[in-house]
> 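Below are the structure tokens for one structure; questions will follow.
Atoms within each ligand, like the ligands themselves, are counted from 1 in listed order. These figures come from a predicted structure and were not determined experimentally. Worth knowing before you read on, the calculation uses all heavy atoms, side chains too, and leaves out hydrogens, waters and symmetry mates.
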Amino acid sequence: MIRGSVPRLRRTLVVLGTALATVAATLAVATTPVAAAGSPDDYSGSDLWLRYVPVSDAKLLRDYRRTVTAIVVENADADRVHRHTADLTMAPGSTEKLVETTLGAARDELVRGLGGMLGQPTPVTTAGAGTVRDGSVVVGTPASSPLVRRAVSARDLAAVGDEGYLVRSVSRGRARFTVIAGNSDLGALYGTFAFLRLMQTQKPVDHLRIADSPKIKHRLLNNWETERLYAGNNASGLGGLNGESGAIFNFAATGASAGRNLPVILDRYIVMARALASLGINGITINNVNADNAYLTSARIAQEAALADALRPYGIRLGLSIRYTAPTDSRFAPDTLTNSQLDPYGTEFRGWWTRRAQQVQSAIPDFMGFTVKANSEGQPGPQDFGYDHGDGANGIAAAVAPLGMTVHWRTFVYNAEVDNDRLKRAYLEFGPIDDEVQPDGTRGRFADNVFLQTKNGPLDFQAREPIHPMFGRMENTNQALELQVTQEYTGQNWMLTYLGPMYEEVLKTDTYATDENGKLLRERLVGNIVDGSAQHHPDTAIVGVANLGNADNLTGHHFSQANLFAFGRQAWNWTLDSTDIATDWVRMTWSNDRRVVDTIRTMMMGSWEALVSYQTPLGIGHQFAEGAHYRPDPADWAGRDDWSPVYYNKADSAGLGFDRSPTGSNLAAQYFPRLQRRYGDIDSVPENLLMWFHHVPWGHRMDSGRPFWDELVYRYQMGVQYVTWMRETWETLRTDIDARRFGEVRAKLAVHEADAPTGGTPR
Ligand code: BDP
């Protein structure tokens with residue numbers, strides 16, 4: 001390649017400054033200062049979106065106070081969840097508390113939420129001889145509550161399934177009240193949060209007729225602990241203080257925090273649990289996919305059981321990431337295996353995993369199962385012992401199936417030494433296993449309790465990627481979509497980047513999947529593949545790689561909270577509009593003032609596209625300096641090709657971009673025919689994926705009429721100027737936002753603005 005092209009690119013980014021009219025000028029908003037309402041100026045963001053500040057609109061407050069006067073949760077304390085840890089306790093000085101029932105959690109949330117929003121306590125009452133007081137909010141299931149049983153028909157309730165809910169305004173004689181009903185206690189809890197959200201976002205609640213249920217069954221987080229964590233509480237944003245690691249959960253903190261390890265429960269675990277339940281997230285795999293076997297030792301299992309106990313009332317189940325070769329770890333002596341016993345069809349291997357899973361299950365009866373990163377980035381796997389991914393996944397799956405557990409087998413595999421394009425490996429390795437005819441005549445070798453967990457795109461969580469060609473390809477295997485919530489490649493804890501639109505783009509992309517006769521499926525967006533409707537998969541899952549750490553605001557950047565919120569809402573219902581989600585989040589997190597809502601939402605909605613523009617525009621991928629994945633360095637060669645910007649940009653005198661069309665690596669051929677044609681042809685590929693699929697000549701004419709190089713420069717500059725506009729616009733909110741959070745966001749935006757054009761100093 002001709003390296004001169006890349007420095008030229010870099011220089012241009014830095015030097016450009018005045019060529020374009022500023023975005024700020026076109027997007028500037030008028031300022032009308034409004035006094036900040038109801039939030040102490042030192043508020044840290046620690047409540048996430050579960051802030052229940054007093055309703056600021058006086059008329060609405062009067063209406064709410066009339067409509068909502070009492071809380072009725074019959075038998076709230078009856079159905080206690082399992083607790084393994086006899087003396088489960090919160091750390092001294094905690095403000096959150098442990099609950100023992102799901103309906104108790106619903107009741108407590110109403111007490112807290114209504115008390116805060118209405119500015120007066122809302123009494124918890126009993127129904128009293130089956131009568132309902134005017135203004136009651138009645139929560140429960142037909143089993144827990146005679147009132148609920150009478151108020152909603154079994155048929156209506158049946159339609160919302162196990163985890164769905166109904167929220168209804170009901171009139172009985174002179175009494176008007178609200179019913180929040182589920183078929184399960186968890187459904188009722190989800191309905192409670194939905195009801196509170198209506199009030200947090202200042203919607204009317206007097207004529208409700210809501211029925212809602214999740215489209216995807218397992219809505220999960222993967223917690224990578226401290227890897228790619230930007231929410232640790234030390235000054236640089238990484239790691240932790242006082243002996244903590246920076247991770248959200250303390251297993252092995254030292255020094256001043258030694259007394260704050262699990263089984264002791266910390267406030268932030270309960271805040272997290274409430275927040276995740278408010279979105280309907282129902283599971284979390286708590287440790288890194290580059291797994292440490294320590295999590296399977298008896299001492300850790302006891303700690304994990306305590307965490308599971310604390311989260312259980314909120315419907316959040318635990319899972320663990322495991323290392324394929326864990327059976328050989330001497331920490332499990334005398335119950336260890338040798339390498340030669342790691343035969344996934346052998347009784348030793350399967351027996352070992354069954355025993356381990358049983359041990360976990362005896363402490364955590366609702367344990368979900370294991371997530372496995374195998375033969376990927378140095379992690380061991382079945383291929384090291386002469387087997388393939390199907391053999392390995394099925395070996396562990398068979399071991400845990402009798403216990404009702406699942407295996408999430410990740411498809412993040414690549415080998416640029418074998419392929420002419422790193423992006424092709426997953427499809428090549430997993431696809432044929434899905435096609436295999438089985439002895440019973442069915443197709444697909446992966447077991448029923450295996451999910452293949454696939455990142456949204458074929459590379460690695462880049463700010464924009466085409467969808468992964470696996471979606472739609474694995475018609476005989478359960479699919480789990482993995483999205484990144486932690487902002488590894490999207491600005492980390494320095495940049496304000498709202499990822500809701502990115503998730504939406506992924507979920508609503510058409511796969512153009514066809515059936516076995518080549519006929520287009522009727523429902524075939526990525527969301528349809530993931531929710532099972534496209535190819536009739538009975539079990540469904542979506543996974544977010546979480547951004548939770550021990551920072552006061554739990555996510556490092558205040559606006560990163562929005563990404564967890566958006567992921568959760570879209571995991572529940574992937575058809576939602578990311579603008580509406582942003583609106584809800586702003587109202588719940590910052591303010592219901594219209595100007596504030598409009599201003600912040602506008603900032604958020606353009607922020608991801610701006611980041612794409614100044615980091616990796618027009619489909620160029622992975623232009624980051626080695627390791628940190630923050631600062632672009634297009635000329636870098638990171639010691640191996642497939643980790644290096646130059647491998648991805650292929651800059652030379654002819655042009656820029658990776659040819660994945662039929663004249664190049666032909667990754668395009670891994671897509672269904674319609675996409676294959678669209679991506680494979682430089683004239684039909686969407687411009688935002690141009691360099692993903694083509695080596696674009698410098699003079700290529702763009703839709704705008706500009707030559708390719710000019711367009712590239714234009715995009716970079718637009719992205720950079722958007723950040724300036726965000727920084728300026730935030731200033732207009734000074735009097736509307738509580739001081740600490742205003743200042744913290746302001747400081748981050750200053751760094752963001754400095755780093756957007758140049759990548760800044762290495763952080
Ligand atoms: C990459 C991360 C790395 C993860 C890997 C994975 O840089 O930390 O371990 O993905 O998903 O994006 O396994």
> Indicate yes or no: does an N/O atom of E488 lie under 3.5 Å from an N/O atom of ligand 1?
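Indeed, backbone or side chain, E488 has an N or O that close.
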> Side chains of Q535 and Q479: do they bring a donor and an acceptor to under 3.5 Å?
no
> Do N547 and T555 have a side chain donor and acceptor closer than 3.5 Å?
no
> We want to know whether D460 and Y489 form a side-chain donor-acceptor pair, criterion being a heavy-atom distance below 3.5 angstrom.
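Judged by distance alone, the side chains do pair up.
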> Considering only non-hydrogen protein atoms, determine which one is nearest to atom 5 (C) of ligand 1 and report residue, atom name and distance to 0.1 Å.
E377 OE1, 3.4 Å
> Does the side chain of D633 come under 3.5 Å of the side chain of Q623 through a donor N or O and an acceptor N or O?
no
> Quick one: which ligand 1 atoms are inside 4.0 Å of a heavy atom on K455?
1 (C), 5 (C), 6 (C), 10 (O), 11 (O), 12 (O)
> Looking only at heavy atoms of R410, does any of them come nearer than 4.0 Å to an atom of ligand 1?
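Per 4.0 Å heavy-atom rule, R410 contacts ligand 1.
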> Working to the nearest 0.5 Å, report the span between NZ of K650 and CG of D659.
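That separation rounds to 10.0 Å.
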> What atoms of ligand 1 come within less than 4.0 Å of a heavy atom belonging to V289?
13 (O)
> Give me the nearest non-hydrogen protein atom to atom 13 (O) of ligand 1 as residue plus atom name, then the distance to 0.1 Å.
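Ranked first by proximity to atom 13 (O) of ligand 1 is K373 NZ, 2.6 Å.
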> Using the six-membered ring wherever Trp is involved, compare the ring planes of Y648 and H622 and label them parallel, tilted or perpendicular (cut-offs 30° and 60°).
parallel
> Backbone, side chain, both or neither: what part of N290 comes under 4.0 angstrom of ligand 1, heavy atoms only?
side chain
> For Q484, which part has a heavy atom under 4.0 Å from ligand 1: side chain, backbone, both, or neither?
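For Q484, there is no contact with ligand 1 at all, from either part.
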> List ligand 1 atoms under 4.0 Å from E227, heavy atoms only on the residue side.
3 (C), 4 (C), 8 (O), 9 (O)
> Name the orientation class of the two ring planes belonging to F446 and F430 (parallel below 30°, tilted from 30 to 60°, perpendicular beyond 60°).
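F446 vs F430 ring planes: parallel.
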> In ligand 1, which numbered atoms sit nearer than 4.0 Å to a non-hydrogen atom of R228?
2 (C), 3 (C), 7 (O), 8 (O)
> Quick one: do the Y387 and D343 side chains pair a donor with an acceptor below 3.5 Å?
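The answer is yes; a qualifying pair exists.
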> Only heavy atoms of D460, strictly under 4.0 Å: list the atoms of ligand 1 that pass.
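Near D460, the atoms of ligand 1 are 1 (C), 10 (O), 12 (O).
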